[in-house]
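Both backbone and side-chain heavy atoms feed into the values below; hydrogens, waters and symmetry mates do not. No experiment lies behind these values; they were computed from the predicted model shown.
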Protein chains: 2
Amino acid sequence: MLNDRSLAVSQECANCPIKHRAVCARCDGNELERLEEIKYYRKFEAGQTVIWSGDRMDFVGSVVSGIASLTQTMEDGRTQMVGLLLPSDFVGRPGRGTAAYDVVATTDLVMCCFRKTPFEDLMSKTPHIAQRLLEMTLDELDAAREWMLVLGRKTAREKIASLLSIIARRNATSGGTGFKNTVVFDLPLTREAMADYLGLTLETVSRQISALKRDGVIELEGKRHVTIPDMYRLLEEAGDDADGGVFA
Amino acid sequence: MLNDRSLAVSQECANCPIKHRAVCARCDGNELERLEEIKYYRKFEAGQTVIWSGDRMDFVGSVVSGIASLTQTMEDGRTQMVGLLLPSDFVGRPGRGTAAYDVVATTDLVMCCFRKTPFEDLMSKTPHIAQRLLEMTLDELDAAREWMLVLGRKTAREKIASLLSIIARRNATSGGTGFKNTVVFDLPLTREAMADYLGLTLETVSRQISALKRDGVIELEGKRHVTIPDMYRLLEEAGDDADGGVFA
DNA sequence: CGTCTGATTGAGCTCAGTCAAATTGGGTGG
DNA sequence: CCACCCAATTTGACTGAGCTCAATCAGACG
């Protein structure tokens, strides 16, 4: 089966698709061997919950493929996504015993997990891991702060444009020939997930997407396949400085 | 002068008021000596800008006393606070050359600074610093995510209550005798700063504070001195689980 | 072909924003 | 000590972006 195949492929760190960006990116051969001893893969289907907030968490790990989301929920059911986990992103916090957020597989998901205690031991002996984790955590903090500006100060239209920019930036295959600022991708999120990301209702998300389509900022094929004919235009709509050269 | 005195007092790491919580908290005597060699103090008055976003940043440092804020500004002037820096909090990012945010002294401020390059060198040789910085960054990330829930999903009233809770939790001297959930503190932020923190306008902040006062959730003496007669009540208003035992 | 989930669209309402006018309170100079 | 000034804050009236409730639509799957 495809699933078995894909697992088999990623079984070896040497072939791992995220080896250049994950927590283990800085590790040398020896360190990788140690990690390899304590690692194991877990797969989740779209919609499945990886962990519930408050649950005991005895592993940490990296997203290998697929997308997961970190969400917080209030007693009355209001929910806010607080993290979007893409391949190579790290899940879990060394030194903490319980999950602070719900982690949900947004798409089918493969994770490379390490039992927490051995990982922590290894980390204390392996500065390369801690270094890389610090770097990644600082990046996440920057992303979170960017996101706070979106949540606190942007309009619904700007929020949608911002989210599309973010996804485009990561997921993008520039469509067509030559030098162009056209970008094409598939939305990995439902309208509801987008709403939870942006602090909106799903109706507002839908309306704003329709409006952006009507205004020619985006093109849709089906509900999920998106074409951005002019990335600069989208960045403008997002309220971001469409400043520096190519979006990189 | 008082200023000189307070500087003199904190000149030695041994007497430093934040030594247990700052980046240097894990350092041993030897490591502290090295840090001491490259450190220097800087003072800012309330309202002064410490750094502008985009500026070259050749130092990093810790807040020793006072409060600073990290803010992001859009071209049209909308601003969002993305970090509130209290004593012991770290400013700057090792490995980055320019400031990503505006840093502004919200009150009079004393910082313990390190030139960036020597600090980075020291950090690569001193796991204790990197360890502590990782810990602090993970805490900040948690705080940022908490804040994202506030920005994305809470009502104006809940936002104000949340902010007051946060300040109360840190700044608090429980007022009066015996076991009680009464808390007293001075607001270190103007209405405008609170608005920037919470993604509101200053008028809305003012209105909601008035409403909370009217409803007996808080008491005001002057504009800044706040009494929380019942901390649990406030936590309820914040929409947080007023769950676990004493707020700790 | 019915069903079910996700998405779109509409109508009306509400909370928070905008614009504008008081009010407060601390600081200053006479 | 008092009159005045200025910045911060409060309050009011009105507006509108985004929410709620509800109906409809589209595509996937059995």
May I have the distance from [X] (atom [atom1]) to [N] (atom [atom2]), rounded to whole angstrom?
| X | N | atom1 | atom2 | answer |
| --- | --- | --- | --- | --- |
| A:E203 | C:dG12 | CD | C1' | 14 Å |
| A:M194 | D:dG18 | CE | C1' | 16 Å |
| B:L202 | C:dA22 | CG | C1' | 15 Å |
| A:L198 | D:dG18 | CG | P | 12 Å |
| B:R78 | C:dT18 | CZ | C1' | 14 Å |
| A:K154 | D:dG18 | NZ | C1' | 18 Å |
| A:L151 | D:dG18 | CG | C1' | 15 Å |
| A:H225 | D:dG27 | NE2 | P | 15 Å |

I would like to know whether B:T201 and B:T204 meet side chain to side chain donor-acceptor pair (under 3.5 Å); could you show each step before the answer? CA-CA 5 Å; B:T201 60; B:T204 298; 3.0 Å; yes
On the nucleotide [N], are OP1 or OP2 found under 4.0 Å from the side-chain N or O atoms that [X] carries?
| X | N | answer |
| --- | --- | --- |
| A:T201 | D:dT20 | no |
| A:R191 | C:dT8 | yes |
| A:T155 | D:dA17 | no |
| A:T204 | D:dC19 | yes |

Map B:R207 and A:A156 onto DNA chain D by nearest heavy atom, then report which one ends up closer to the 5' terminus.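 Residue closer to the 5' terminus by nearest nucleotide: B:R207.
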When the nearest nucleotide of DNA chain D is assigned to A:L200 and to B:R214 on a heavy-atom basis, which residue is associated with the more 5' position? B:R214
Base, sugar-phosphate alone, or nothing: which one does [X] contact when heavy atoms must sit under 4.0 Å apart?
| X | result |
| --- | --- |
| B:S206 | base |
| A:R224 | sugar-phosphate |
| A:G47 | nothing |
| B:I209 | nothing |

Assuming nearest nucleotide by heavy-atom distance, tell me which of A:V205 and A:R153 is located more 5' along DNA chain C.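 The residue mapped nearer the 5' terminus is A:V205.
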Examine distances only and state if a side-chain atom of B:D89 and a backbone atom of B:L86 form a donor-acceptor pair shorter than 3.5 Å.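 Yes; at least one donor-acceptor contact below 3.5 Å.
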Is the terminal nitrogen or CZ of B:R42 (NZ for Lys, CZ for Arg) located under 6.0 angstrom from the six-membered ring centre of B:F59 and within 45° of that ring's axis?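 Ring-cation test returns yes.
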Should the heavy atoms of other residues, nucleotides or ligands under 6.0 Å from CD of A:Q48 be counted, would the total exceed 12?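 Buried by this count: over 12 neighbours within 6.0 Å.
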More than 12 non-hydrogen atoms from neighbouring residues, nucleotides or ligands closer than 6.0 Å to CZ on B:R78, yes or no?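 Counting other residues, nucleotides and ligands, CZ of B:R78 exceeds 12 neighbours.
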